[in-house]
Amino acid sequence: MSQLGRFIWVLVILFILPGCWNRVELNELWVTAATGVDMMDDGQWMVSYQLIVPSALASGTGGGTGGSSQPAFHVFSVKSKTYSQALSYSNLKTSRRIYVAHNRVVFIGKRAAEKGMDRLIDFYLRNTEAREMVNMIVTDGLASDLIKKLLPPEKLQGAAMAELVDKESNMLSMFPKVRIYDFVLSMNSDSKSIGVPVAELIGERDYQNEQEAESLDVFKKTSAPLKLALTKLAIFQNGKLKGFLNKKESLGVSYLSQKVSNTEVSFPCDEQPSREMYSSLLVNSTNVKITPQKTSSHYTMQVGVKINGTLSETTCTKDISKMKTIHDLEEEIAKEVTSTINEGWAKLQELGVDATGFADRIHRRFPKEWNTVKKDWEQEFKRIELDIRVDARIKRPGLLQKGIGSQT
């Protein structure tokens with residue numbers, strides 16, 4: 001090929017492959033920090049978007065430039081028949097295109113959760129921008145109301161809620177985080193069940209405090225009258241909400257689901273039962289082994305729990321420098337953990353929902369029998385018994401060898 005021919009080919013390629021043919025400027029997008037999903041009375045979905053305001057986020061305590069102040073995010077809602085249609089209809093209300101790739105949390109209203117998560121899951125798996133690693137949070141009311149509330153001292157509520165879920169999962173393990181991806185796996189498992197954290201406003205709920213929680217006035221107080229907190233666990237089966245578990249029941253299910261990493265165990269002192277004398281163990285490591293066993297009529301799950309931790313607080317009057325006292329405390333810890341597991345298990349059996357994933361374990365252990373068992377799994381699940389054995393170890397009793405006022 002001649003030199004002129006090569007030059008012409010270079011020009012053609014330069015025109016065909018321009019460097020920025022599909023560019024989108026940042027000021028043309030609304031970056032979404034959180035999303036809320038509600039089912040309305042007329043049968044339509046209402047999708048709420050928490051949109052980041054960069055100028056307010058970069059300024060001081062929520063303020064904008066030029067002395068004016070504004071929240072770090074803006075919320076607006078769209079009603080439609082589907083989630084994808086809501087995203088399209090948003091173009092009728094805003095000059096910028098909503099960008100959901102950086103969404104951190106999806107809030108799900110109670111009625112939407114009862115209706116089912118099939119449409120939400122389909123949207124996140126089918127849409128090329130939506131990411132299935134977003135955290136799921138259930139609300140006891142409307143998600144559109146909760147998504148508007150600020151979470152002091154953080155300016156961006158969606159990001160703060162995602163951090164709150166991560167921190168709780170790592171430190172307490174009562175309400176382990178659940179992503180869209182985890183929810184999809186549960187829907188395709190044998191148990192088809194999972195627990196999702198619930199966020200609520202706690203405090204004095206009245207009209208004035210509700211309005212204040214949506215304005216920057218809440219940052220001017222040392223203690224907000226309403227706070228956004230994780231309060232319980234929502235149990236789903238086949239993608240639909242079936243019931244709720246309290247904190248202790250949720251922790252028990254976390255043990256049975258092998259989702260406890262670190263937590264804290266408060267247990268009573270046995271030497272003075274008439275007084276409320278409690279101690280605390282800061283659990284540093286947890287190992288839960290669950291083994292299905294089959295008897296003539298039903299299944300038994302052998303639950304072996306090994307926990308190690310540090311004695312972070314005690315008001316017991318016994319001398320903890322003695323090994324016998326340490327062994328007594330370890331026995332009390334084992335009793336408390338056993339009680340926690342039993343409470344969570346009793347609630348799941350009451351609901352008839354296998355949020356522990358026992359169906360998958362039995363399927364793997366007894367594959368030939370599973371085809372018969374799965375036809376009547378809900379009733380079989382209610383007949384399962386637990387054989388719980390807890391081995392608790394206090395590795396470090398703390399700096400004090402004797403408690404204040406301990407017996408000598």
Worksheet item: To the nearest 0.5 Å, what is the distance between NZ (Lys382) and CD (Glu350)?
Response: 9.0 Å
Worksheet item: Are the side chain of Ser169 and the backbone of Lys177 linked by a donor-acceptor contact shorter than 3.5 Å?
Response: yes
Worksheet item: Considering only heavy atoms from C-beta outward, does the side chain of His102 approach that of Ile52 to under 4.5 Å?
Response: no
Practice prompt. Mind checking salt bridge (Lys or Arg N to Asp or Glu O under 4.0 Å) for Glu385 and listing every partner two or more places apart, or none if nothing turns up?
Written response: none
Worksheet item: Can you check whether Ala359's main-chain N or O pairs, donor with acceptor, with Asp354's side chain at less than 3.5 Å?
Response: yes
Discussion item. Could you walk me through whether Glu200 and Lys232 satisfy the side-chain contact (heavy atoms from CB on, under 4.5 Å) test, starting with their C-alpha distance in whole Å, then the side-chain angles of each, then the deciding distance to 0.1 Å, before giving a yes or no?
Written reply: CA-CA 9 Å; Glu200 293 180 281; Lys232 50 191 175 182; 3.7 Å; yes
Discussion item. I'd like to know if the side chain of Glu336 reaches the main chain of Pro268, judged simply by a donor and an acceptor atom lying under 3.5 Å from each other, with no hydrogens or angles considered.
Written reply: no
Worksheet item: Any side-chain heavy-atom pair from Phe175 and Val165 closer than 4.5 angstrom?
Response: no
Discussion item. Donor-acceptor pair, distance only, cut-off 3.5 Å: does the side chain of Arg97 make one with the backbone of Leu29?
Written reply: no
Worksheet item: Under the 3.5 angstrom rule, does the side chain of Arg104 hit a backbone N or O of Ala162 as a donor-acceptor pair?
Response: no
Item to complete: Only counting residues at least two apart or in another chain, list the ones meeting side-chain contact (heavy atoms from CB on, under 4.5 Å) with Asn246.
Response: Lys248, Glu249
Practice prompt. Compute the centroid of each ring, for Trp370 and then for Phe358, and state whether the two points are separated by less than 6.0 Å.
Written response: no
Discussion item. Do Tyr124 and Val106 have side chains that approach each other closer than 4.5 Å (heavy atoms only, starting at C-beta)?
Written reply: yes
Practice prompt. Report yes or no: does Asp38 contribute a side-chain atom to a donor-acceptor pair with the main-chain N or O of Met40 at less than 3.5 Å?
Written response: no
Practice prompt. Kindly indicate whether the side chain of Ile121, heavy atoms from C-beta on, has any atom under 4.5 Å from the side chain of Ile180.
Written response: yes
Fill in: Thr338 backbone acceptor or donor facing Asn342 side chain under 3.5 Å
yes
Worksheet entry | Val305 side chain reached by Ile341 side chain, heavy atoms, under 4.5 Å | yes
Fill in: Side-chain donor/acceptor of Ser339 to backbone N/O of Lys335, under 3.5 Å
no
Worksheet entry | Exercise: identify the closest heavy-atom pair between Ser280 and Glu264 | CB-OE2, 3.2 Å
Discussion item. I'd like to check the side-chain contact (heavy atoms from CB on, under 4.5 Å) partners of Ala234; sequence neighbours left out, ordered by chain and number.
Written reply: Val138, Val198, Phe236, Leu241, Phe244
Discussion item. Does any part of the side chain of Val134, heavy atoms only, come nearer than 4.5 Å to the side chain of Arg131, both counted from C-beta?
Written reply: no
Practice prompt. Any chance you could measure Gln44, atom CD, to Met39, atom CE, to the nearest 0.5 Å?
Written response: 9.0 Å
Discussion item. Tell me the closest heavy-atom pair linking Ala143 and Gly109, and the distance in Å.
Written reply: CB-N, 3.7 Å
Worksheet item: Taking Gln157 as the fixed residue, which of Val105, Leu150, Leu228 is the one that meets the side-chain contact (heavy atoms from CB on, under 4.5 Å) rule?
Response: Leu228
Worksheet item: Are any side-chain N or O atoms of Gln258 and backbone N or O atoms of Val288, one a donor and one an acceptor, separated by less than 3.5 Å?
Response: yes
Worksheet item: With a 4.5 Å heavy-atom cut-off, do Val47 and Leu87 have their side chains touching?
Response: no
Worksheet entry | Min side-chain heavy-atom separation Met174-Glu168 under 4.5 Å | yes
Worksheet entry | Derivation of the side-chain contact (heavy atoms from CB on, under 4.5 Å) call for Val373 and Tyr299 | CA-CA 11 Å; Val373 173; Tyr299 292 92; 3.4 Å; yes
